[in-house]
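Side chains included, hydrogens not; waters and symmetry mates left out as well; all remaining heavy atoms used.
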Amino acid sequence: QVQLVESGGGLVQAGDSLRLSCVASGRTFSNYAMGWFRQAPGKEREFVARISQNGGRTYYLDFVKGRFTISRDNAKNTVYLQMNSLKPEDTAVYYCAADSASSYSSNSRSYDYWGQGTQVTVSS
């Protein structure tokens, strides 16, 4: 089992920045690729970003490319999502997830473990 706990969400204005953190415990963190997803009210959960086990490869939803950066610190069992130039459309609950497979996937069904989510609200 892997336990994931997100933090760092909040209420900000358009154009502001936030950094989300997700701390993992349980099994060896570096064995898992990590992803960030988000779910806005009335919408399905969508992929935001993914980072490989050693941090060498990253993938992003087109809408966030150039604004969001995913990173990880395996020594701290933590994955981050730096979000800049936030827009009201980024308002959602953000979830981190762990994937034991190495091959890239943006499908939420591929991920084995999930955090409880952290709310991000961007006002215009």
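Geometrically, Arg67 engages Phe63 in a cation-pi contact, judged by NZ or CZ lying under 6.0 Å from the ring centre and within 45° of the ring axis. Lys76 forms no cation-pi arrangement with Phe29, by the criterion of a distance under 6.0 Å to the ring centre and an angle within 45° of the ring axis.
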Candidate pair Asn84 and Ser17, rule side-chain hydrogen bond (donor to acceptor under 3.5 Å, both in side chains), full reasoning: CA-CA 4 Å; Asn84 299 329; Ser17 299; 2.9 Å; yes
For Met34 and Arg72, run side-chain contact (heavy atoms from CB on, under 4.5 Å): C-alpha distance rounded to whole Å, both residues' side-chain angles, the deciding distance at 0.1 Å, then the answer. CA-CA 9 Å; Met34 298 299 296; Arg72 68 189 295 162; 3.7 Å; yes
Please test Met83 against Asp16 for side-chain contact (heavy atoms from CB on, under 4.5 Å), starting from the C-alpha separation and ending with a verdict. CA-CA 8 Å; Met83 306 187 294; Asp16 285 351; over 6 Å; no
Step-by-step side-chain hydrogen bond (donor to acceptor under 3.5 Å, both in side chains) determination, Asp112 to Ser100: CA-CA 7 Å; Asp112 305 291; Ser100 59; 2.9 Å; yes
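Thr28 contributes no side-chain N or O that, together with a main-chain N or O of Ser30, makes up a donor-acceptor pair within less than 3.5 Å. Proximity of a side-chain donor or acceptor of Asn74 to a complementary backbone N or O of Gln53 within less than 3.5 Å is detected. At least one donor-acceptor pair closer than 3.5 Å links the side chain of Glu6 to the backbone N or O of Cys96.
Residue Phe37 is grouped with residue Tyr104 when hydrophobic side chains (ILVMFWY) are merged at heavy-atom distances under 4.5 angstrom, including chains of intermediate members. Both Leu4 and Val79 are part of a single hydrophobic cluster, where members link through side-chain heavy atoms under 4.5 Å apart. In terms of hydrophobic clustering, with Ile, Leu, Val, Met, Phe, Trp and Tyr side chains grouped at heavy-atom distances under 4.5 Å, Leu81 and Phe47 are assigned to different clusters. Cluster annotation: Tyr80 is not connected to Tyr95 through the hydrophobic network of ILVMFWY side chains, with a link wherever side-chain heavy atoms come within less than 4.5 Å. Both Leu86 and Leu20 sit in one connected hydrophobic cluster of ILVMFWY residues. Membership requires side-chain heavy atoms under 4.5 Å apart, directly or through other members.
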Show me, pair by pair, the donor-acceptor contacts under 3.5 angstrom made by side chains of residues 55-62, not counting sequence neighbours?
{"from": "Tyr60", "atom 1": "OH", "to": "Ile70", "atom 2": "N", "distance (Å)": "2.9"}
{"from": "Asp62", "atom 1": "OD1", "to": "Lys65", "atom 2": "NZ", "distance (Å)": "3.2"}

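Distance OG1/Thr69 to CD1/Ile51: 10.0 Å, rounded to 0.5 Å. Atoms CZ and CZ, from Arg45 and Arg109 in turn, are 11.5 Å apart once rounded to the nearest 0.5 Å. The line from CD of Glu44 to OG of Ser108 is 8.5 Å long, rounded to the nearest 0.5 Å.
Side chain to side chain, Thr91 and Glu89 fail the donor-acceptor criterion of an N or O pair below 3.5 Å. A side-chain donor from one of Asn54 and Ser52 sits under 3.5 Å from a side-chain acceptor of the other.
Scanning all heavy atoms of the two residues, the minimum distance from Gln1 to Gln3 falls at CB-NE2, 3.5 Å. Of all the heavy atoms in Ala14 and Ser124, the pair that sits closest is CB-CA, 4.4 Å. For the residue pair Ser105 and Ser110, the shortest heavy atom distance occurs at OG-OG, 2.8 Å. Contact detail for Thr78 and Ser21: the closest heavy-atom pair is CG2-CB, 4.3 Å. Between Arg50 and Ser103, the closest heavy-atom pair is NH2-O, 3.1 Å.
Residues Val93 and Gln116 are not in side-chain contact: their nearest non-hydrogen atoms beyond the backbone lie 4.5 Å or more apart. Side chains of Leu18 and Val120 form a contact here, defined as non-hydrogen atoms less than 4.5 Å apart.
Taking the six-membered ring where tryptophan is involved, the planes of Phe68 and Tyr94 are tilted, since the angle between them lies from 30° to 60°.
Arg27 meets the side chain to side chain contact (heavy atoms under 4.5 Å, CB included) test with Val2, Tyr32, Tyr113; sequence neighbours excluded.
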